[in-house]
Amino acid sequence: MKLLFVVHRYGTDISGGSETLCRQFAEKLVERGHEIDVVTSCARSYVDWANAVPAGTSVANGVTLHRFPVEAPRNPGLFGPLDARTLRSHTNVPLSLEHSWLAMIGPTMPNLIPWLTAHTADYDLAIFFTYLYTNTTSGMPVASRIRPVVFHPTAHHEPPIYMRSFDPVFAAADSFGFLTQEEADLVDTRFGLDRPSVITGIGTDLDADGDGRRFRQAFDLGNRPYLLYLGRLDTGKGADELHLFFRWYRKRHDTDLALVYIGDPVMPLPASDDIRVLGFLDDQTTRDAIDGCLALAQPSYFESFSMALTEVWAQHKPALVQGHCAVLKGQALRSGGAIPFHSFAEFEVALERLERDDGLAIALGAAGRRYVEANYGWSTVMERYEGLLAGTLATWSRRVG
């Protein structure tokens with residue numbers, strides 16, 4: 001099949017979940033003989049959408065990329081107050097205010113709609129990633145009038161999902177690719193659409209291998225145990241709350257445990273000898289960090305899957321996860337590979353048990369590994385995914401005659 005992917009950012013140096021989902025699916029489909037084009041922006045940062053990559057067409061790992069410039073960087077002085085006003089009361093916001101918010105959240109690419117109008121017919125399917133951004137809200141209704149659309153909303157419980165302005169966007173989808181049952185349930189409850197869907201999940205490299213000693217040496221950690229955070233350093237991801245919980249834990253316990261953050265520093269967090277903020281690291285160094293850690297800390301309130309979780313399980317490591325996030329709690333309970341926490345008290349007890357009981361950490365890590373092997377090996381995921389694509393195209397072809 002010849003497939004068109006549309007996503008707000010793209011590249012190996014982009015660590016966002018939906019962006020990584022898009023890139024991995026694109027590259028895996030190329031490996032399986034499909035022809036993949038990706039339309040995306042010239043931005044690296046979702047905070048301001050400043051153009052950082054040259055516009056034009058290029059090829060990366062067999063994927064053809066069409067990059068369009070963003071009209072203008074987002075103005076935080078204007079967007080901040082609008083965002084606060086719009087999201088503070090998502091059930092009683094005027095549509096005009098929602099439309100202003102959607103226009104400003106970005107990335108606005110003036111060349112996108114003309115390009116989709118002219119070229120979508122060249123593909124068998126158009127596939128859009130994440131519901132939130134302008135490339136989807138403006139582009140998907142256009143593409144869906146020309147070719148069938150598969151939609152990966154990467155939806156989770158957050159104020160924007162309840163905006164009425166997203167109703168026609170979701171309605172434009174011919175089918176959905178969901179990451180977890182919790183995401184599927186949320187979209188069904190919120191939108192009530194009768195559309196084909198598949199819970200694809202995201203593939204995980206089951207052969208991933210790291211060297212914890214190499215990581216410890218590179219970052220001067222010695223033999224200290226450390227808790228690992230993987231992902232953007234962002235309030236919604238719980239990065240600051242984890243920082244607070246960890247400092248409280250260290251004050252209450254006689255331990256030399258450290259906390260290591262790996263990911264884009266969207267928000268500043270104070271570093272110290274006990275708290276290392278390392279920024280974005282390459283894949284092998286991240287695998288080394290996983291191999292050496294006591295456990296992953298996944299405190300995010302807003303997740304539709306969490307690749308960090310399956311990556312640490314693939315390397316037989318346990319996790320502590322945010323119990324207030326339905327997706328993380330569901331993954332923890334289905335796998336038996338993580339302990340959910342809902343408060344500092346629960347975080348404290350769970351972390352203390354992991355520090356003191358090597359057998360518990362090993363058992364949780366082993367359960368997580370079994371769960372990933374059964375559900376998220378790439379061959380298994382891609383069989384589900386190709387079934388979704390073929391089924392969507394066949395249904396659309398019968399409908400249009």
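Note that the coordinates shown come from a computational prediction; the quantities given were computed from them, not determined experimentally. Side chains are part of it too, since the values below use all heavy atoms of this structure and drop only hydrogens, waters and symmetry mates.
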**Check: His8 main-chain N/O paired with Ser41 side-chain donor or acceptor under 3.5 Å** = yes

**Message:** Can you confirm whether more than 12 heavy atoms, excluding those of Asp282, are under 6.0 Å from its CG atom?
**Reply:** yes

**CD (Glu241) with more than 12 external heavy atoms under 6.0 Å** = yes

**Prompt:** Under 6.0 Å between ring centres, would you say that holds for His152 and Tyr385?
**Reply:** yes

**Message:** Tell me the closest heavy-atom pair linking Ala184 and Phe178, and the distance in Å.
**Reply:** CB-CD1, 3.5 Å

**Asked** So His253 and Tyr249, would you call those rings parallel, tilted or perpendicular, with 30° and 60° as cut-offs?
**Response** parallel

**Request:** Looking only at non-hydrogen atoms, find the nearest pair between Pro270 and Val277 and report the distance.
**Result:** O-CG2, 4.4 Å

**Output field: ring centroids Phe305/Tyr376 closer than 6.0 Å** = yes

**Complete:** Rounding to 0.5 Å, atoms CG (Leu393) and OH (Tyr123) come to a distance of 15.5 Å

**Request:** Measure from the side-chain N and O atoms of Arg67 to the backbone N and O of Gly56, and report whether any donor-acceptor pair falls under 3.5 Å.
**Result:** no

**Prompt:** Charged N to carboxylate O under 4.0 angstrom, Arg369 versus Glu373?
**Reply:** yes

**Message:** If we ignore hydrogens and angles and just use 3.5 Å, is the side chain of Arg74 paired with the main-chain N or O of Trp49 as donor and acceptor?
**Reply:** no

**Prompt:** Hey, what do you get for CE (Met163) to OG1 (Thr86), rounding to the nearest 0.5 Å?
**Reply:** 5.5 Å

**Rounded distance (nearest 0.5 Å) linking atom CD1 of Ile14 with atom CG of Asp264** = 7.5 Å

**Message:** Working to the nearest 0.5 angstrom, can you tell me the gap between Lys2 NZ and Asp37 CG?
**Reply:** 6.0 Å

**Message:** Taking Arg216 first and then Asp211, would you say they form a salt bridge - that is, a charged N and a carboxylate O separated by under 4.0 Å?
**Reply:** no

**Prompt:** Got a donor-acceptor contact below 3.5 angstrom from the Ser304 side chain to the Thr180 backbone?
**Reply:** no

**Asked** Between Arg334 and Glu182, is there a salt bridge with N-O shorter than 4.0 Å?
**Response** yes

**Request:** Compare every heavy atom of Glu27 with every heavy atom of Asn61, then report the nearest pair and how far apart it is.
**Result:** ND2-OE2, 3.0 Å

**Request:** Compute the ring centroids of Tyr226 and Phe215, then answer whether they are less than 6.0 Å apart.
**Result:** yes

**Message:** Salt bridge check, Asp291 against Arg214: does any charged N sit closer than 4.0 Å to a carboxylate O?
**Reply:** no

**Message:** Test your reading of the model: is there a side-chain donor-acceptor pair from Arg195 to the backbone of Asp174, 3.5 Å cut-off?
**Reply:** no

**Request:** Give me the one residue out of Tyr131, Phe166, Phe170, Phe176 that meets ring pair (Phe, Tyr, Trp, His ring centres under 6.0 Å) with Phe191.
**Result:** Phe170

**Prompt:** Is a salt bridge present between Asp273 and Arg276, judged by a nitrogen-to-oxygen distance below 4.0 Å?
**Reply:** yes

